[in-house]
Structures are given as C-alpha cells and as structure tokens.
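Single-structure report; data block below.
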Amino acid sequence: NSRVQLTLDLSSWIRERATAPKVLISGSATGYYGDQKDNMVFEETKGQPGFSHELCRHWEQAALSATRYGCRVCCLRMGLVLADDGGFIKQLRPMCKLGIGILFGNGAQWQPWIHRDDLIQIILTALKDDAYFSAVNAVAPAETTHKILSQSIGKRIGHPAWLTLPSWLIKPIIGEMSQLFLNSTKAVPNRLNEFGYRFKFPALNDALNAIFPKAEDKKRPADTPS
C-alpha cells in the first residue's frame, strides 16, 4: 500500500491538474520478474508469479494510469542500490562489524545492482528524454550473484560474509517476503544500452572501490608527505 496507493493518489492528483506534468518517473524493482533462475532477463521478460512480481506489477499499473492524462511515464525497475551512506550497505555495516556476515540461501541467486550515481543520472536523463517510457531496467551491466556481492562488501568492511541462512529456514519465518532475498534475477539493462547510456560504474569492483576508497586515497593533499 505504501507504494501502490501513494502512486494512485499521485495519478489522481495529475488528473485534476489543468495541465498535466510532462513526465512521471516511478519507482519499481527487478523483483517484477520474480524468480528467473539463470535466464537472462530483459524488459519484455514475463514475470513469474509471486509476492515481488505482484507488488511491482500493481505498482507499475498505478503509475502507468497517468498516461491517460497526457503524462509520459517511466517505471525504473531498479536493482539493489549501492551507496556509501545508505541502503543495503548501511544495513550490512552493523552486522559485519560484529563479525556476522549473512548469506541468504546458497548465495548462487543472481543479484541485480546499480551504483547510486548511475541511478541518479538515469533519473535526470529520463526527465528530459522522451525515449524513456514504460519499463526500464535500472541495473548495472555486470551481473553478479548474491554471494559475490555480499562477500565483496563484507571484505571491504572488514568481515567477509560467512553465516548462511538456508531457504528452508527463511521461508517459514518471513513467508512470501523471502522471495525478495532468494529470487534469482539476471537482469540486463537492455533499453539503457539501446539509448546509449554510458555507465559511470559498470563493474562491481569499480563501484565498491568508489564507495570504499583505500586509506591513501582518502588523504587530503596537505596530509600527503612531500
């Protein structure tokens, strides 16, 4: 409801304007596709039934209703957003500092991701470029698994992930929401590639190096010995 109803309210507000906004950029997620195993996932890929698919499907439908009022709508199906001061990494830091890194399931599930700088630039571009409409996969081009992503972040924080929560344990505890952690989605930024978008951080190591700079990179010029 926090996603769908708010978006419906926004669409109703647009309907009541004498002049509709030219564009609506709406959130969505690669959870739209559900569990796709090892299959490549494009914007045209049919979603698999389940909690995450139904949530994103209704969310996108709510946003796309604004097209009736002359508004261009772009639904960004985002991967996990990586940044130095929020989101997934912020949630991992306390556990990793306690020496508790967690893997969900066997860790082999594909985990779409994107650096926050790229996501912001995609949003800014979508506001101006009419080619951005309907669904767009907002994910980096370099695919990775949940295990590689979690362990790469854990190593940089100082404590590699080591504790595994098997799917048979997660599912009874949190039910349908377990799909958010266990689904495998090998999403590809197909439409962004067609638009010619150039990623600032196309590779995971580059993104994490920017988020976790080495100690010598943090020094100010005045701190550097002559």
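Only heavy atoms go into these numbers, but all of them, side chains included; no hydrogens, no water, no symmetry mates.
- Residues passing the side chain to side chain donor-acceptor pair (under 3.5 Å) test with E60 are S28, R77, sequence neighbours excluded.
- Expressed to the nearest 0.5 Å, how far NE2 of H146 lies from CG of L182 amounts to 8.5 Å.
- Here V41 sits in one hydrophobic cluster together with Y32, Y33; the rule is ILVMFWY side chains under 4.5 Å apart, joined directly or through other members.
- Each side chain to side chain donor-acceptor pair (under 3.5 Å) pair with one or both residues in residues 105-115, not counting sequence neighbours, appears once here: D38-W110.
- Scanning all heavy atoms of the two residues, the minimum distance from P202 to A140 falls at O-CB, 4.0 Å.
- Residues passing the side chain to side chain donor-acceptor pair (under 3.5 Å) test with N39, sequence neighbours excluded: none.
- Note that the OG1 atom of T7 and the NE2 atom of H58 stand 13.0 Å from one another [nearest 0.5 Å].
- Counting only residues at least two apart or on different chains, the salt bridge (Lys or Arg N to Asp or Glu O under 4.0 Å) pairs with a member in residues 17-36 are D35-K37.
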TODO: Take I120 and K200 through the side chain to side chain contact (heavy atoms under 4.5 Å, CB included) test and state the conclusion after the steps.
DONE: CA-CA 11 Å; I120 291 171; K200 182 177 180 181; over 6 Å; no

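- Rounded to the nearest 0.5 Å, atoms CG (N137) and CD (E44) are 8.5 Å apart.
- For S184, the side chain to side chain donor-acceptor pair (under 3.5 Å) test picks out no residue, with sequence neighbours left out.
- Within the 4.5 Å cutoff, the side chain of L204 has heavy atoms near those of the L82 side chain.
- Closest non-hydrogen pair, S52 versus G31, comes out as OG-O, 2.9 Å.
- Partners of Q5 under the side chain to side chain donor-acceptor pair (under 3.5 Å) rule, at least two apart in sequence or in another chain, are D9.
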Which atom pairs, one a donor and one an acceptor, fall under 3.5 Å between side chains of residues 192-199 and the rest of the protein, sequence neighbours left out?
residue : atom : partner : partner atom : Å
N193    : ND2  : P189    : O            : 3.3
Y197    : OH   : D118    : O            : 3.4
Y197    : OH   : D118    : OD1          : 2.7

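- Following chains of ILVMFWY side-chain contacts shorter than 4.5 Å, one can reach I211 starting from L149, so the two form part of one hydrophobic cluster.
- If you take CD on Q36 and NZ on K186, they are separated by 12.5 Å, rounding to the nearest 0.5 Å.
- Once rounded to the nearest 0.5 Å, the distance linking CG of L119 with CG of L76 reads 6.5 Å.
- Under a 4.5 Å side-chain heavy-atom cut-off, the cluster of Ile, Leu, Val, Met, Phe, Trp and Tyr residues that includes F42 is completed by M40, V188.
- Pairing each heavy atom of P112 with each of T30, the nearest pair is CG-OG1, 3.6 Å.
- Rounded to the nearest 0.5 angstrom, I123 CD1 and Q121 CD are separated by 10.0 Å.
- When hydrophobic clusters are built by joining Ile, Leu, Val, Met, Phe, Trp and Tyr residues whose side-chain heavy atoms come closer than 4.5 Å, directly or via intermediates, M78 is grouped together with V23.
- A donor atom on one side chain and an acceptor atom on the other are found under 3.5 Å apart for S11 and S65.
- Listed by chain and number, the hydrophobic cluster partners of V139 come to none, as no ILVMFWY side chain reaches under 4.5 Å of it.
- I153 and L80 end up in the same hydrophobic cluster when Ile, Leu, Val, Met, Phe, Trp and Tyr side chains are linked at under 4.5 Å.
- Counted within 6.0 Å of CG on N1, heavy atoms from surrounding residues, nucleotides or ligands total 12 or fewer; the atom is thus considered open.
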In residues 128-136, what donor-acceptor pairs under 3.5 Å come from side-chain atoms, sequence neighbours left out?
residue : atom : partner : partner atom : Å
D129    : OD1  : A131    : N            : 2.9
D130    : OD1  : R72     : NE           : 3.3

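- Annotation for L24: hydrophobic cluster partners, listed by chain and number, are L10, W13, I14, L64, Y69, V73 (ILVMFWY side-chain heavy atoms under 4.5 Å, direct or chained).
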